[in-house]
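Below is one structure, written out as structure tokens; comments come after it.
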Amino acid sequence: MVGYLARSQGEDERSVLFRGIDMTQHGEGAVRVRFAPSPTGHLHLGGLRTALFDWLWARKTEGQFILRIEDTDRKRYDADSVTSLMQGLRWLGLEWDEGPDIGGPYASYVQTERREIYQKYAQKLIDRGHAYRCYCTSERLEAMRAEQRRNKRPTGYDRHCRRLADAMRTRREAEGIPSVVRFAVPEAGVTVFTDLLRGDIQVDNRQLRDEVLLKADGLPTYHLAAMVDDFLMNITHILRGEEWLATAPLHKLIYDAFGWEMPVLVHLPVILDPSGKGKMSKRKRTVAGKEYLALAHEFRDAGYLPDAMFNFLVNVGWNFDPDQEVFGREEAIERFCLEDINPSAAALPYEKLDWLNSLYIRALPASELKKALLPFLSRQLQLSEDELETDRKLDILIPVIQERIKRLDEAAEWLDWAYLDADEISYSDPKLLIGRKLNAAQSIEILRVGASLLEEVDPFAAETIHQAFRQKAEALGVKAGGFFGPFRGAITGKKVSPPLFESIEALGRQETLRRIERALRELEG
RNA sequence: GCCCCCAUCGUCUAGAGGACUAGGACUCAGGCCUUUCAAGCCUGCAACAGGGGUUCGAAUCCCCUUGGGGGUACCA
């Protein structure tokens, strides 16, 4: 009986079982997961996906989702990225329960504000013989690695200072030589840890290095900081990128050295670049000559809807239901289960994102789509949002371009013609004004006939105009497509445009006639 | 080099030894519809990396090979 899986049907929402343990009742209580980014740049999709799974698991189990800032690398630190990180999470709708901005019972949630804590715990390890001070200079370490490479040996600290006699140690301290604290990995034996998705993983301790725990500047490295915080903050599940798998044995050893119980480890598969080869780069990259998006804000700026993005990302590395591609947040929460995460790396199916996004765009009420579109149109058409907000052309045109755009940034090219003056329209391609299977003379005639219809039609609305045009085309024995074509070209200057009659209605009688006049002059001249 | 992880259509995935003639989705191709472009509907192309085992039976379990990925910092 595999009843311990949270996915099992019909279970009480409040008792999510996990490996036979009811996590909602266990120990301190709820599941606690954290997203712990390093503020060194913009949030990329890999990080966002990790946060998403954290969030899903917390909501699923009615536990807590914690945001913690791991800013211990002062060289790469970028102050703006904390804001950017939070914006990215909020954009996707991932609200955290504890974090640097809102505080919480385990504050601070910023590691540089916890420096004394780490120093205290580093000292504990030294006292217990699990760590030691190392006085090696970076020059020495560099030379050592060069030597190891030259001899085709694996690189790694040679434990020089681990063997330092007490007298030497005291002398160096007295001389004030700067030092770091290194973890003392057992020299023999194996370390076994469990990854939820991969099972037990065994590593020979001789493969492990005496990694630095506390740097010369007094700040911890990830290995110390994350373990101490995860313990102190009662984290029950560590979700992190697969790039941490190799250091997981070290982390297990650190937990053991402190005598703590290891949280459940879940290493999420890396996200590959679109070629499927190579980890997706944090920096904008190109594959096969094409640029691909990788950062959270780039997806927002390209006009992907948060709900679409959410839906999309949930299905990379996990699967909601092979027969249901479209689902909402609540449904995802209900079904999500850590154990079902697929451990193999995946490329992002960008085309599927476009498709999903187009679905979500179409599902939006027109008024909401308009709201979402305003910043894009404002920027791209160089008009103020206020001006666009009250523009009735948009109210007519948005519903008809709704099923034609895959991303919000595509709307402008469907609408730009409506915001030009008649003489700004360019008829670069002469064929633009000539109807299908018609010649120039016939097209001129049609434009004239149409213009007179437009002068009289009442009300000046898409449906009535449509009727009038269709009747006239039939009367003249011209196919609708051929008859309508010249008008499309005349008023939009484009071969492809929103539906003709809504476009005419949006433009209004006067402006439409002006454009037809211009087109006629173009054709005749 | 060494260590670790992973392996189903081009891509995201379903698959828990028999229900697999391997299912769904995106993309692509063809058709219908049509006022351009879309949307919609229908049809189609397309995968168990290879080799050994185990078993009455393997996409599924084991081993090897190959391929891919990750790590190998006083970065995270």
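Order of the sequence lines sets the chain letters (A, B, ...), proteins ahead of strands, with each chain counted from 1.
- In this structure, a donor-acceptor pair under 3.5 Å is present between the side chains of A:N311 and A:Y360.
- Ranking B:G70, B:C74, B:C26 by closeness to the A:R182 side chain, first place goes to B:C74.
- Among the protein residues, A:V316 comes within range of the sugar-phosphate backbone only, with heavy atoms under 4.0 Å from sugar or phosphate atoms but none that close to a base.
- Nucleic acid contact class of A:G241 (heavy atoms, under 4.0 Å, all strands): none.
- When distances are taken from the side chain of A:R470 to each of B:A14, B:U35, B:C75, the shortest belongs to B:U35.
- Within the 4.0 Å cut-off from OP1 or OP2 of B:C75, at least one side-chain nitrogen or oxygen of A:K75 is found.
- In summary, the side chains of A:Y157 and A:E211 do not present any donor paired with an acceptor at a separation below 3.5 Å, with no hydrogens or angles considered.
- Out of B:A25, B:C4, B:C6, the shortest distance to the side chain of A:P343 is found at B:C6.
- Among the atoms of the strands shown, none is found under 4.0 Å from any heavy atom of A:C134.
- Atom P of B:C42 sits at a distance of 11 Å from the matching atom of B:C26, rounded to the whole Å.
- Taking side-chain N and O atoms only, A:R76 has no distance below 4.0 Å to OP1 or OP2 of B:A76.
- Between A:S138 and B:A73 there is no side-chain polar atom (N or O) within less than 4.0 angstrom of OP1 or OP2.
- Of the candidate nucleotides B:U13, B:A25, B:C4, B:C4 has the atom nearest to the side chain of A:V203.
- Side-chain proximity of A:L245 to B:C4, B:G24, B:A76: nearest is B:C4.
- Contacts of A:I401 with the nucleic acid, taken as non-hydrogen atoms under 4.0 Å apart, are absent.
- Using a 4.0 Å heavy-atom distance criterion, A:P322 is classed as a base contact.
- Checking A:R145 against A:T155 by side-chain atom types alone, no donor-acceptor pair falls below 3.5 Å.
- Nucleotides B:U21 and B:G30 place their C1' atoms 24 Å apart, quoted to the nearest Å.
- Checked for salt-bridge contact, A:D210 and A:R162 meet the test: a charged N lies under 4.0 Å from a carboxylate O.
- The partner of B:C41 is B:G31, by the rule that a Watson-Crick or G-U pair needs both atom distances under 3.5 Å.
- Counting non-hydrogen atoms under 4.0 angstrom, A:T72 reaches the backbone sugars and phosphates but no base.
- Side-chain polar atoms of A:D78 and A:T40 form no donor-acceptor pair below 3.5 angstrom.
- At a threshold of 4.0 angstrom between heavy atoms, the contacts of A:R436 are confined to the sugar-phosphate backbone, with no base atom among them.
- B:A58 is unpaired under the criterion used here, namely a Watson-Crick or G-U wobble arrangement in which both key atom distances are under 3.5 Å.
- As judged by a 4.0 angstrom heavy-atom cut-off over every strand, A:G156 is placed among residues making no nucleic acid contact.
- Counting any heavy atom pair closer than 4.0 Å across all strands shown, A:R362 reaches sugar-phosphate atoms only and no base atom.
- As rounded to the nearest Å, B:U60 and B:G51 have P atoms that lie 12 Å from one another.
- For A:A246, whose side chain is taken as the heavy atoms from C-beta onward, the closest listed nucleotide among B:G70, B:A76, B:U35 is B:G70.
- The nearest heavy atom of RNA chain B to A:S497 and to A:R209 marks one nucleotide each, and the one closer to the 5' end goes with A:S497.
- In terms of phosphate contacts, A:T40 brings no side-chain nitrogen or oxygen within less than 4.0 Å of OP1 or OP2 of B:C75.
- B:C4 and B:G15 are spaced 27 Å apart, taking the C1' atom of each and rounding to whole Å.
- Using a 4.0 Å heavy-atom cutoff across all strands shown, A:A216 reaches at least one base atom of the nucleic acid.
- Side-chain to base pairing of A:R488 with B:U35: one donor and one acceptor N or O lie within less than 3.5 Å of each other.
- Within the 4.0 angstrom heavy-atom criterion, base atoms lie near A:F501.
- With the nearest nucleotide of RNA chain B identified for both A:F312 and A:S38, A:F312 has the one nearer the 5' end.
- Across all strands, A:E325 comes closer than 4.0 Å to base atoms (heavy-atom distances).
- The separation of B:U8 from B:A47, taken at their P atoms, amounts to 14 Å, rounded to a whole angstrom.
- Using cut-offs of 30° and 60° for the angle between ring planes, the A:F299 and A:Y350 rings count as parallel.
- An OP1 or OP2 oxygen of B:C6 is reached within less than 4.0 angstrom by no side-chain nitrogen or oxygen of A:R198.
- When each of A:D230, A:D229, A:D54 is checked for a salt bridge (Lys or Arg N to Asp or Glu O under 4.0 Å) with A:R34, only A:D230 meets the rule.
- At the phosphate of B:C75, OP1 or OP2 sits under 4.0 Å from a side-chain N or O atom of A:K215.
- Across B:C3 and B:A59, the matching P atoms stand 32 Å from one another, rounded to whole Å.
- Closest to the side chain of A:E351, out of B:C12, B:A76, B:U27, is B:U27.
- Here the separation of B:U65 from B:C5, taken at their P atoms, is 14 Å to the nearest Å.
- Look at the P atom in both B:A49 and B:U11: the space between them is 12 Å, to the nearest Å.
- Contact of A:R404 with B:U36 (side chain to base): a donor-acceptor pair of N or O atoms is detected under 3.5 Å.
- At a cut-off of 3.5 Å, with distance as the only test, no side-chain donor of A:Q119 or A:Q123 sits close to an acceptor on the other residue.
- Distance from the side chain of A:S344 is smallest to B:A7 among B:A7, B:G24, B:U36.
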